Protein chains: 2
Amino acid sequence: MSRAAQPTKPSSDPSTGSVWTRPQRSRREQPALSRDQIVAEAIALLDADGIEALSMRKLGTRLNAGATSLYTHVSNKDELIELVVDQVYGEIEVPKVASRAEWRAAALECGNNARSVILGHPWIASVLGEMGMSYLGPNMLRLTEDMLELFESGGFDLVQGGMALKTIWSYILGIAATEAAWMTSLARSGQNEDEWLTGMASIAEQAIAPYPRMRRLHAEQTAGAVGETRRSNFDEGLGCILDGLEAQRRR
Amino acid sequence: MSRAAQPTKPSSDPSTGSVWTRPQRSRREQPALSRDQIVAEAIALLDADGIEALSMRKLGTRLNAGATSLYTHVSNKDELIELVVDQVYGEIEVPKVASRAEWRAAALECGNNARSVILGHPWIASVLGEMGMSYLGPNMLRLTEDMLELFESGGFDLVQGGMALKTIWSYILGIAATEAAWMTSLARSGQNEDEWLTGMASIAEQAIAPYPRMRRLHAEQTAGAVGETRRSNFDEGLGCILDGLEAQRRR
DNA sequence: AACGATTCCGTACGGCGTTCGCTACTCCGC
DNA sequence: GCGGAGTAGCGAACGCCGTACGGAATCGTT
């Protein structure tokens with residue numbers, strides 16, 4: 001008995017198709033959907049085509065499923081996004097600290113890990129503002145605990161550690177989200193960073209013309225290698241914050 | 001000759017309404033639309049009903065206009081949002097610094113201004129990730145220049161000031177966006193902060209049960225007045241960053 | 001063999017951003 | 001006074017979107 005796909009439309013009028021032409025395909029022969037699969041495919045779609053390409057219909061299609069089938073495993077698009085974000089948070093590694101001397105380097109490394117994970121999924125920036133509570137996602141919990149441990153190893157007591165965590169995390173989120181947004185709009189324009197900058201140069205110069213400090217700053221910063229500059233800027237700012245935190249710890 | 005509104009539908013079949021019943025209302029008697037008006041009304045709508053309530057159709061209706069009329073003054077919804085955000089940035093005041101001793105207090109005040117402006121328009125959090133370039137909005141330019149001036153008064157040279165600006169701004173954006181997102185999802189749930197926290201307590205405790213540090217931290221923080229706590233947390237983190245920046249300046 | 005539970009999905013609804021082409025109006029040069 | 005150019009406003013339509021609902025297929029249990 002044939003099991004070929006034969007996408008008939010038996011639903012429109014079941015009596016039209018005779019018993020013989022009806023597919024009679026076992027639905028469970030292909031492994032069906034799962035929440036993990038959906039989340040993974042959503043991330044793939046987001047990475048490939050950005051936030052505005054994520055729709056339940058497209059996602060369903062990529063999974064060889066109908067759009068509404070997803071709702072069996074995920075109650076909402078919003079809920080799906082929370083799952084997706086927590087999954088990404090799971091990629092962030094927090095280095096273990098053996099001795100107190102290593103603390104600072106470990107914090108820097110952790111910050112850089114977080115930054116590069118976010119920049120690896122730049123659509124996250126568009127989505128952070130809509131998530132009141134990802135705090136309870138399993139990976140976010142793990143991440144929080146690990147960072148608290150890191151600060152503990154650095155000699156902070158628990159409350160100080162909580163403070164330090166909030167401060168650093170806000171910094172990371174703010175700067176990485178800004179960078180991610182920038183990269184997204186670059187990608188949309190189809191140019192690379194240098195092209196955009198040179199193309200925009202005259203407009204930018206005109207815009208900042210009335211502002212002396214910005215003009216001077218712009219003049220002083222004609223260095224190349226923008227990508228590296230962004231990274232070292234991040235490190236420098238993070239270093240400042242770590243300085244401040246260490247000063248606070250000593251009290 | 002009557003000018004009463006008489007909202008007939010002359011469009012469906014123009015010949016149906018005779019010359020006498022047709023409105024013949026001078027379109028320009030009411031001042032028509034302007035970009036500023038549109039932006040102002042969009043902010044009012046966003047403040048009242050949040051980001052998902054902003055649609056071109058609803059905005060048009062609020063302005064007694066058709067949805068598509070807006071496109072004469074604004075080329076895009078995205079462009080509208082950029083305008084709206086820059087307008088909000090215009091609310092942020094940067095205090096002038098007379099003597100170098102006042103610098104630190106002024107920076108703290110500026111940070112608090114920014115935070116409360118953002119929390120006054122919490123929908124901004126949902127929108128920051130989509131804006132590659134608000135850097136060139138007039139209010140953002142003014143804000144940047146003023147903050148550079150603030151750092152200059154504090155004894156930073158221009159490059160250091162640029163660094164400090166980026167660092168502080170990222171922190172402010174990150175923490176305020178997180179708070180704003182939290183407040184938005186609170187508002188959506190219809191509860192106030194304390195209700196939500198007590199309602200969520202058991203679930204949260206269960207979630208953090210496997211994590212010793214979070215458990216202890218949660219136990220130590222049973223203080224009330226959550227809103228004030230958030231603000232003083234902000235101040236504390238900002239203070240840390242200022243410490244770090246001052247240390248860097250002395251080199 | 002019968003039956004509830006679970007999974008899948010076609011259909012449909014209301015809403016969205018935006019394009020297109022038409023109308024109605026103002027303004028400028030004659 | 002008048003005609004033509006330019007512009008603001010808008011109704012209709014297109015192709016998307018999220019998702020509620022009800023029906024069909026399948027599975028696990030009895």
Side-chain angles (χ1 to χ4, degrees), chain A residues 3 5-17 19 22-38 42 45 49-82 127 130, chain B residues 3 5 7-17 19 22-38 41-42 45 49-82 127 130:
Chain A
R3 293 184 151 199
Q6 214 176 2
T8 57
K9 288 194 191 172
S11 66
S12 62
D13 186 359
S15 64
T16 302
V19 201
R22 243 177 325 211
Q24 199 220 357
R25 161 179 60 83
S26 161
R27 177 171 299 147
R28 306 296 160 87
E29 45 187 59
Q30 54 223 39
L33 298 171
S34 76
R35 179 179 280 194
D36 289 345
Q37 207 183 51
I38 293 175
L45 177 53
D49 299 332
I51 186 70
E52 65 225 11
L54 177 64
S55 75
M56 300 304 266
R57 285 175 227 256
K58 285 193 198 129
L59 184 53
T61 305
R62 278 177 76 118
L63 291 158
N64 300 317
T68 57
S69 308
L70 306 175
Y71 287 88
T72 313
H73 307 272
V74 153
S75 66
N76 249 339
K77 190 184 181 184
D78 284 352
E79 186 182 299
L80 170 62
I81 287 179
E82 285 196 33
V127 133
E130 337 214 343
Chain B
R3 294 185 150 195
T8 57
K9 289 194 193 170
S11 67
S12 62
D13 185 359
S15 63
T16 303
V19 199
R22 240 173 327 206
Q24 201 222 356
R25 164 179 59 84
S26 161
R27 177 172 299 147
R28 306 297 160 86
E29 43 186 60
Q30 53 225 36
L33 298 171
S34 75
R35 179 180 280 194
D36 288 345
Q37 208 183 53
I38 293 175
E41 196 66 38
L45 176 53
D49 298 331
I51 187 69
E52 63 223 14
L54 177 65
S55 77
M56 300 304 266
R57 286 173 226 257
K58 286 192 198 130
L59 183 54
T61 305
R62 277 177 78 119
L63 291 158
N64 299 317
T68 58
S69 308
L70 305 176
Y71 286 87
T72 312
H73 306 272
V74 154
S75 65
N76 250 339
K77 191 183 181 186
D78 283 352
E79 186 182 299
L80 171 63
I81 287 179
E82 284 195 36
V127 133
E130 336 214 346

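In the text below, chain A, chain B and the rest are named by the order of the sequence lines, each starting its count at 1. Here the structure is a predicted model, which means the values were calculated and not measured.
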Between [N] atom [atom2] and [X] atom [atom1], what is the distance in whole Å?
| X | N | atom1 | atom2 | value |
| --- | --- | --- | --- | --- |
| A:E52 | D:dC17 | CD | P | 11 Å |
| B:E130 | C:dG17 | CD | C1' | 14 Å |
| A:M56 | C:dA12 | CE | P | 21 Å |
| B:R57 | D:dC10 | CZ | C1' | 12 Å |
| A:L70 | C:dT7 | CG | P | 13 Å |
| B:Y71 | D:dA12 | OH | C1' | 15 Å |
| B:D78 | C:dC16 | CG | P | 16 Å |
| B:K77 | C:dC16 | NZ | P | 8 Å |

Taking only side-chain nitrogens and oxygens of [X], does any of them come within less than 4.0 Å of OP1 or OP2 of [N]?
| X | N | result |
| --- | --- | --- |
| B:K58 | C:dG15 | no |
| B:N76 | C:dT18 | yes |
| B:H73 | D:dG9 | yes |

Closest approach of [X] and [Y], non-hydrogen atoms and distance?
| X | Y | result |
| --- | --- | --- |
| B:L33 | B:A65 | CD1-CB, 4.0 Å |
| A:S55 | A:K77 | CA-NZ, 4.5 Å |
| A:L54 | A:A42 | CD1-CB, 4.3 Å |
| B:M56 | B:L80 | SD-CD2, 4.2 Å |

When we call it a touch if two heavy atoms are under 4.0 Å apart, what does [X] touch: a base, just sugar-phosphate, or nothing?
| X | answer |
| --- | --- |
| A:L54 | sugar-phosphate |
| A:L59 | nothing |
| A:S69 | base |
| B:S55 | sugar-phosphate |

Does B:T68 make a side-chain donor-acceptor contact with the base of D:dG9, cut-off 3.5 Å?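 For B:T68, whose side chain was compared with the base of D:dG9, there is no donor-acceptor pair (under 3.5 Å).
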When the nearest nucleotide of DNA chain C is assigned to B:S75 and to A:A67 on a heavy-atom basis, which residue is associated with the more 5' position?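 Nearest-nucleotide comparison on DNA chain C picks A:A67.
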Strictly below 4.0 Å, N to O, side chains only: are B:R35 and B:E79 in salt-bridge contact?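 Salt bridge: yes.
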